S.K.: 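I'd like to ask some things about the structure below.
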Amino acid sequence: MSALSKSIHPDEKYKAGTLGTSMSRAGFGLGAVLLIVSVVLGATAGDQWMRFFHAYLTAYTWVVSIALGGLFFVIIHHLTRARWSVVLRRVAECITDAFPVLFVLGLVIVVPVVLGYPNLYYWNHPDAHDAHLNHHLHGKLVWLNPGFFALRYAVYFLVWIGVSRYFARKSREQDETGNERLSEQMRIASGPAIIAYAMTLCFFAFDFLMSLAPKWYSTIYGVNFFGGSMIAIYAFLSVLGVGIQRSGRLTHSITTEHYHDTGKMLFAFTFFWAYTAFSQFMLYWYGNIPEETVWYNYRFFNDWQYVSLAVTLGQWAFPFLFLLSRWTKRIQPIFMFFCVWQLVFHYVDLYWNVMPNYHWTVQKAFNEGKDFVAGPLSGAVGANTIGLSPVDVLLPAALMLLFVGAIGRAMKGNLLPVKDPNLGASLAHENY
Amino acid sequence: METNPEKHTSSPAGEGELYGVLAEFDTPGALIKAARKVKDAGYTQFDAYSPFPVHGIDEAVGIPRTILPVIVFGGGIAGLVGGFFLQWWMNAYNFPWNISGKPTWSIPANVPIGFETTILLSVLTTFFSMWALNQLPQVWHPFFRKDRFLKVTDDGFFLGIEAADKRFDLAATRRLLEGAGAAAVEDVHKDPDPKKKVMPRWLYAFIVASTALALIPVALVLRAQASKSADPHYHIFADMDFQPKVKSDVAYDGFVDGRGNRGEVPGTVARGLLKADDAYYRGLDNGAWLSGLPKQVEPTADRIAHGRERFNIYCSPCHGYDGRGNGVVPERVKALGGSWLARNLVDPKAGVITMPNGQLFNTISNGFNTMMGYAAQIPVDDRWSIVLYVRALERAQNASLEDVPADRRADATR
């Protein structure tokens with residue numbers, strides 16, 4: 001087939017210039033302010049930081065899932081020898097450059113856990129060691145203990161930073177030399193990289209999210225988290241691309257055709273996410289075993305049922321139905337609406353994963369007159385209000401800003417892989 | 001249609017009417033360029049032919065966007081609605097069956113099937129609509145008469161302009177295609193024999209033969225239905241026919257008592273069997289006989305009619321259809337030389353009329369003197385219907401003329 005190809009438009013501004021510095025300044029500055037406000041709110045809440053840590057975990061997994069999506073975007077690009085996505089790859093590489101900053105932000109959770117903070121992860125609570133009270137949990141403590149948790153955290157980030165650095169460095173090296181063998185090297189590396197990626201992502205989801213309810217388990221949990229992170233990256237990348245274009249850069253390179261394709265992926269993973277989420281739910285619903293259904297039980301029979309419904313309709317039914325159409329992906333304002341919508345609902349989804357655990361613990365402790373202890377899987381149904389806290393909104397905003405700052409920090413030099421052998425094909429890319 | 005006098009150039013001997021011009025190109029790129037050129041020259045009746053889908057050919061030939069997605073969406077919706085309807089009709093309406101305590105109609109259980117039927121109908125709609133929209137299968141075409149055209153399934157890229165096009169002019173059209181970089185241009189004529197347009201004979205033979213072969217399994221099944229055999233039954237799904245599970249009322253070594261059945265767990269009551277409602281289940285009201293009716297029992301004409309039906313089945317053999325105690329059993333006793341009457345239900349002196357409803361219900365349930373209890377045969381609700389009918393019978397058997405509506409009294413005294 002004749003390769004339809006184009007060269008970079010002569011008027012194209014593909015140098016990052018001051019964009020990166022202004023992004024990192026605004027992001028780090030505002031993000032830090034919001035984070036400090038949240039810390040003050042957390043300190044004064046008088047709940048032993050419980051709300052703060054749960055909200056922080058939600059916001060943190062939100063931004064990490066986007067960065068993980070970016071890493072997947074880069075790896076799968078090389079693995080499949082994709083051509084359409086070349087114009088977006090450098091932006092995705094900049095997203096993955098945020099991992100070191102995310103590592104530092106993750107310490108906010110890991111360090112207190114290592115120091116013995118008991119009210120976020122129940123397996124870190126002294127009660128968890130009571131072999132009589134928590135027989136099932138007792139056996140799991142081989143895996144769920146603060147030392148190993150911190151070690152795994154370090155390993156995950158070592159893999160992510162290592163893999164993302166490898167691809168970003170080779171890609172930028174190609175900008176200088178134009179060596180086509182670099183593409184081949186990256187393709188060879190992408191095979192093992194995707195395996196390492198899949199393993200680390202799944203176990204990250206198990207450790208940081210699923211272990212909030214340590215007696216409950218779902219083998220598809222990591223896949224479901226991956227689906228959410230895919231929704232997030234295609235939405236985020238599209239929004240970031242439009243943002244960069246608003247600044248007058250890449251205006252000729254990224255076209256409706258590329259947004260149409262990210263839109264297709266957004267659509268596909270919207271369904272993929274729903275498919276895995278329903279797979280998880282249906283087996284538990286059908287099996288109807290108390291220790292498995294308890295996780296859903298809490299989310300089905302009080303105010304959380306409305307959140308469950310909102311996630312189902314908001315992250316699946318509504319966008320699915322509209323993203324079916326070609327035009328919702330090609331008309332930019334409509335597409336941007338759905339991208340932002342999906343990013344927000346991805347946060348709601350994670351909120352729905354994390355926050356019921358907080359209510360469980362508080363309610364149980366309250367019932368027993370205890371001091372914010374007790375097991376999340378004791379299944380006390382109550383706490384009829386979700387009780388939004390300001391940190392639920394401030395923390396995702398703060399972490400998103402810090403994340404954008406970290407991306408900006410990486411935006412130096414070219415915003416396009418200017419000497420990628422497939423750049424021409426990507427520039428000329430069209431959908432039919 | 002406007003006719004161009006020049007386009008009907010005389011056909012060579014042994015050839016039919018001119019069908020069009022066929023041009024071969026070496027690469028997909030050349031094909032796209034040529035298609036664009038032909039389109040720009042104003043032609044509409046032409047098409048591109050290639051061994052694989054060529055990116056960009058739709059736009060170059062000027063093919064409008066297909067309506068296939070809309071048709072498929074309709075097919076998908078039909079699959080979704082049909083799938084859910086199917087499950088509702090089968091599981092909740094036509095043959096409701098308790099499967100592990102799940103509701104007969106519940107969305108979570110229906111989603112996987114609904115998903116599958118959606119996919120199934122989408123795919124079938126896509127497949128068949130695509131064929132229909134492309135007017136396939138097309139077993140005959142004038143271009144097939146050119147040996148060169150055989151390459152279209154291998155490495156040839158062709159553009160064919162039909163003579164039916166308004167702009168068609170044999171010489172000019174040939175020039176246009178040659179100028180567009182064609183490797184070869186050929187005139188294509190229809191076959192002089194119009195019968196050659198029909199499907200080839202061997203295709204008919206193939207369809208008949210494959211249909212006959214497809215009937216063999218059906219015939220085997222039908223034969224097996226109609227014939228007898230001493231051979232053991234062949235189990236295709238042996239693990240479904242012989243499931244490693246304990247069925248009710250069988251011996252089983254796995255339990256110490258050797259029984260497959262498990263008794264009720266002490267201190268528990270099965271769902272729906274608590275029967276805490278004294279009035280309804282026992283006809284009692286704070287230890288005394290209930291005089292009214294339990295709240296579940298509405299004295300409607302339908303219920304009384306149902307009560308009559310049950311009464312005539314279970315009670316009339318002894319008490320008689322009119323409740324006077326001379327049913328077929330007392331008649332038989334009389335025939336054998338004995339003397340026994342069942343209790344007269346309607347005689348004020350026999351004492352049944354003054355019984356509270358609850359006591360009457362209890363009598364039906366647990367029996368009285370020589371009468372056996374009917375709790376095992378008659379469901380609770382039906383027993384209450386019988387109570388209501390007995391009350392109606394008592395009233396009817398002791399009625400005076402005043403109880404009959406004025407316009408029907410003539411019938412009653414006739």
Side-chain angles (χ1 to χ4, degrees), chain A residues 1-6 83-84 220 256-257 260-261 263-264 267-268 270-290 292-293 296-297 299-300 305 308-309 312-313 316-317 320-330 424-426 428-432, chain B residues 25-36 48 50-77 80 87 91 98-104 106-116 118-119 122 126 155 157 181 271:
Chain A
M1 203 190 303
S2 73
L4 300 165
S5 184
K6 267 188 191 172
R83 295 197 291 191
W84 71 272
I220 205 170
T256 307
E257 305 298 336
H260 187 181
D261 276 2
K264 286 178 199 167
F267 167 72
T270 294
F271 200 89
F272 179 83
W273 170 86
Y275 190 97
T276 53
F278 183 78
S279 304
Q280 178 177 290
F281 163 70
M282 200 198 68
L283 289 186
Y284 289 154
W285 176 84
Y286 214 93
N288 204 13
I289 299 167
E292 289 178 347
T293 51
Y296 281 104
N297 189 49
R299 286 160 175 81
F300 268 56
Q305 66 180 300
S308 303
L309 204 62
T312 313
L313 298 178
W316 172 65
F320 172 78
L321 211 55
F322 280 87
L323 287 172
L324 262 174
S325 164
R326 174 186 177 87
W327 301 110
T328 42
K329 287 167 267 184
R330 291 183 77 90
S426 180
H429 174 64
E430 275 180 57
N431 287 289
Y432 298 101
Chain B
F25 298 88
D26 291 330
T27 62
L31 182 66
I32 288 182
K33 271 188 198 137
R36 222 168 253 151
S50 62
F52 49 78
V54 175
H55 236 42
I57 198 72
D58 306 41
E59 179 265 324
V61 177
I63 298 170
R65 285 202 70 74
T66 173
I67 59 155
L68 190 62
V70 180
I71 301 174
V72 173
F73 184 72
I77 295 290
L80 182 69
Q87 292 174 89
N91 296 339
N98 184 348
I99 298 167
S100 56
K102 296 288 188 287
T104 50
S106 63
I107 301 294
N110 294 344
V111 164
I113 310 290
F115 175 74
E116 294 301 338
T118 308
I119 302 286
S122 302
T126 311
D155 60 351
F157 301 89
R271 196 174 288 271

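Residue numbers start from 1 in every chain, and the chains themselves are labelled A, B, ... in the order their sequence lines are given, proteins ahead of strands. Predicted, not measured: the structure shown is a model, and the values here were computed from it.
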S.K.: Which residues in residues 106-116 of chain B have a heavy atom less than 4.5 Å from any heavy atom of chain A?
M.R.: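 The stretch touches chain A at B/S106, B/P108, B/A109, B/V111, B/P112, B/F115.
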
S.K.: Should B/E59 and A/E430 count as side-chain neighbours, where that means a heavy-atom distance under 4.5 Å?
M.R.: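 A side-chain contact under 4.5 Å is absent here.
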
S.K.: For A/Y275, is the OH atom crowded, meaning more than 12 foreign heavy atoms sit under 6.0 Å from it?
M.R.: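 Atom OH in A/Y275 is not crowded, with 12 or fewer foreign heavy atoms closer than 6.0 Å.
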
S.K.: Using distance only, find each side-chain donor-acceptor pair of residues 280-287 of chain A under 3.5 Å and give its atom names and separation, not counting sequence neighbours.
M.R.:
residue, atom, partner, partner atom, Å
A/Q280, OE1, A/S218, OG, 2.9
A/Q280, NE2, A/Y296, OH, 2.8
A/Y284, OH, A/Y217, O, 2.3

S.K.: With a sphere of 6.0 Å drawn around NZ of A/K6, does it hold more than 12 non-hydrogen atoms of other residues, nucleotides or ligands?
M.R.: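 Open.
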
